[in-house]
Amino acid sequence: MPNSVVLQLRRSLLDWYAEFGRDLPWRRSRDPYAIWISEIMLQQTQVKTVLPYYDRWLGTFPTVQALAAADQQAVLKAWQGLGYYARARNLHRAAQAIVQQHQGQFPRQITAAMALPGIGQTTAGGILSAAFNQPVPILDGNVKRVLARLVALPHPPRKVLNQLWQLSETLLDPQYPRDFNQALMDLGATICTRHNPACLLCPWQQHCQAYNQNVQSELPMSESRPPLPHKFIGVAVIRNDQGEILIDRRRQEGLLGGLWEFPGGKVEPNETIAACIKREIQEELGIEIEVGDRLMVLEHAYTHFKVTLNVHYCRHLSGEPQPLECDEVRWVTLDEIEAYPFPAANVQIIEALRAASA
DNA sequence: AATACGTGGGG
DNA sequence: TCCCCAAGTAT
């Protein structure tokens with residue numbers, strides 16, 4: 001790309017941003033901690049979703065020291081509903097590393113930043129450019145889409161990441177890296193959207209190859225995926241003679257790691273829901289239960305599979321619950337359950353229990 | 001390099 | 001209804 005074009009692209013984008021850039025709360029701050037929190041929350045998550053979480057989080061954990069000193073349960077509770085919970089666990093661990101190894105200061109070296117858990121190349125670039133105005137490129141979903149259209153990229157972005165990183169770096173304005181990166185993301189989020197891009201309002205219209213070839217709605221190229229597997233799960237709401245409910249904390253690794261849940265598991269072929277629940281509870285907790293009435297059936301979709309949750313009331317018969325396949329087990333009341341972080345599908349179960357007890 | 005990892009909203 | 005997607009990272 002000729003240097004004269006690069007200069008025009010920088011200038012037109014920065015002019016556009018000065019007039020139409022979004023007023024977002026983290027842009028009002030130069031605190032690396034606040035900017036870091038926003039960057040992690042924004043991974044694979046829309047601005048609209050993040051806004052309420054961001055404000056609450058800074059109220060609960062106003063500094064990196066406060067976050068480092070917090071209990072993981074409180075951290076996960078503040079993250080409840082945002083998804084990709086490894087982000088919260090990594091944020092917590094990274095805060096402790098910053099306090100212990102960086103004197104409480106967010107590292108300014110990109111290699112040091114990327115050594116922190118949960119911070120990859122794009123997040124590091126986003127933080128260092130936004131907080132310190134360092135000339136470090138980014139390549140998030142917005143930038144991939146904008147650049148793929150700008151050059152009419154004839155490949156799915158995933159196949160040519162090096163080329164896109166190179167382009168992001170070439171275009172980055174060395175004088176205004178903070179505003180340039182933010183402007184690039186705003187362009188993707190508000191003008192160069194996935195569906196019905198507003199090309200007539202775009203500052204890059206003149207240089208956009210996709211627009212000039214009228215293929216903007218076809219780009220970026222996407223790859224089709226096979227249909228998601230579907231799992232049927234039996235879930236137990238086990239109550240004891242005191243009316244308390246049994247919950248367990250999932251292991252740290254993997255899906256929903258560290259969150260609490262109602263115990264249960266996958267229905268085997270030719271197995272009834274009741275038999276599944278009774279078996280799973282014996283295997284996971286080592287106790288005998290009686291499976292009772294159905295509370296609800298709910299559908300939920302994760303990133304890589306779908307589930308049908310068959311939730312039944314159960315009565316504890318005998319045995320002391322043990323954490324055989326989880327990190328912890330606890331009897332709680334419906335009031336106490338508020339303090340525990342649960343996945344979204346389980347929040348629906350709690351709401352149903354609350355409605356049933358009212 | 002390909003896959004695991006959440007959730008809510010839009011077409 | 002169903003698929004796709006949105007400020008990606010870790011392994």
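Labels below follow one simple rule: chain letters A, B, ... track the order of the sequence lines, proteins then strands, and each chain is numbered from 1.
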Quiz item: Reckon A:Gln43 has a side-chain N or O less than 4.0 Å from the OP1 or OP2 of C:dG8?
Solution: no
Practice problem: Under 4.0 Å between any heavy atoms, over every strand shown, what does A:Gly126 touch: base, sugar-phosphate, or nothing? Just pick one. | Solution: nothing
Exercise. Select one nucleotide: of C:dA7, C:dG8, B:dG8, the one nearest the side-chain heavy atoms of A:Thr122.
Key: C:dG8
Quiz item: Within the structure shown, what part of the strands sits under 4.0 Å from A:Leu259 by heavy-atom distance: base, sugar-phosphate, or nothing?
Solution: nothing
Practice problem: Calculate the interatomic distance between A:Phe342 atom CZ and B:dG6 atom C1'; express it in whole Å. | Solution: 17 Å
Exercise. Tell me which of A:Lys306 and A:Met114 sits closer to the 5' end of DNA chain C, going by the nucleotide each one is nearest to.
Key: A:Lys306
Quiz item: A:Arg251 CZ to B:dC5 C1': how many Å, rounded?
Solution: 18 Å
Quiz item: Taking the side chain of A:Ser222 as heavy atoms from C-beta outward, which of B:dA4, C:dA6, C:dC5 is closest to it?
Solution: C:dC5
Exercise. Look at the side-chain heavy atoms of Ile, Leu, Val, Met, Phe, Trp and Tyr, link any pair under 4.5 Å apart, and say whether A:Leu147 and A:Leu13 land in one connected group.
Key: yes
Self-check item: Single-linkage hydrophobic cluster A:Val311~A:Ile238, side-chain heavy atoms < 4.5 angstrom
Solution: no
Self-check item: Spacing of A:Lys144 atom NZ relative to C:dC4 atom P, expressed in whole Å
Solution: 17 Å
Quiz item: Could one point to a donor on the side chain of A:Arg22 or the base of C:dA7 with an acceptor on the other under 3.5 Å away?
Solution: yes
Practice problem: Check whether any side-chain nitrogen or oxygen of A:Tyr85 sits under 4.0 Å from OP1 or OP2 of B:dT7, and answer yes or no. | Solution: yes
Quiz item: Is A:Arg279 salt-bridged to A:Glu271, going by a charged N under 4.0 Å from an acidic O?
Solution: yes
Quiz item: Under the 3.5 Å rule, do the base of B:dG6 and the side chain of A:Thr45 count as making a donor-acceptor pair?
Solution: yes
Self-check item: Salt-bridge criterion met for A:Glu288 and A:Lys278 (N-O under 4.0 Å)
Solution: yes
Self-check item: Side chain of A:Tyr302 (C-beta onward), nearest among C:dA7, B:dG6, C:dA6
Solution: B:dG6
Quiz prompt | Position toward the 5' end of DNA chain B (nearest nucleotide), A:His195 or A:Leu82 | solution = A:Leu82
Practice problem: Could you tell me whether A:Trp26 contacts a base, only the sugar-phosphate backbone, or nothing, with contacts defined as non-hydrogen atoms closer than 4.0 Å? | Solution: base
Practice problem: Send over the distance from A:Gln348 CD to B:dG6 P, rounded to a whole Å. | Solution: 17 Å
Quiz item: Hey, does A:Gly188 reach any base, or is it just sugar-phosphate, or nothing, if we go heavy atoms under 4.0 Å?
Solution: nothing
Quiz item: For B:dG6, does either OP1 or OP2 sit under 4.0 Å from a side-chain N or O belonging to A:Arg87?
Solution: no
Quiz item: Counting side-chain heavy atoms from CB outward, which of B:dT7, C:dA7, C:dG8 is closest to A:His300?
Solution: B:dT7
Quiz item: How long is the line joining CG of A:Asn181 and C1' of C:dA7, in whole Å?
Solution: 11 Å
Quiz item: What does A:Thr303 touch in the nucleic acid at a heavy-atom separation under 4.0 angstrom: a base, only the sugar-phosphate, or nothing?
Solution: base
Practice problem: Among C:dA7, B:dA2, B:dC5, find the nucleotide with the atom closest to the side chain of A:His304. | Solution: B:dC5
Quiz prompt | Distance-minimising heavy-atom pair for A:Ser168 and A:Ile138 | solution = OG-O, 2.6 Å
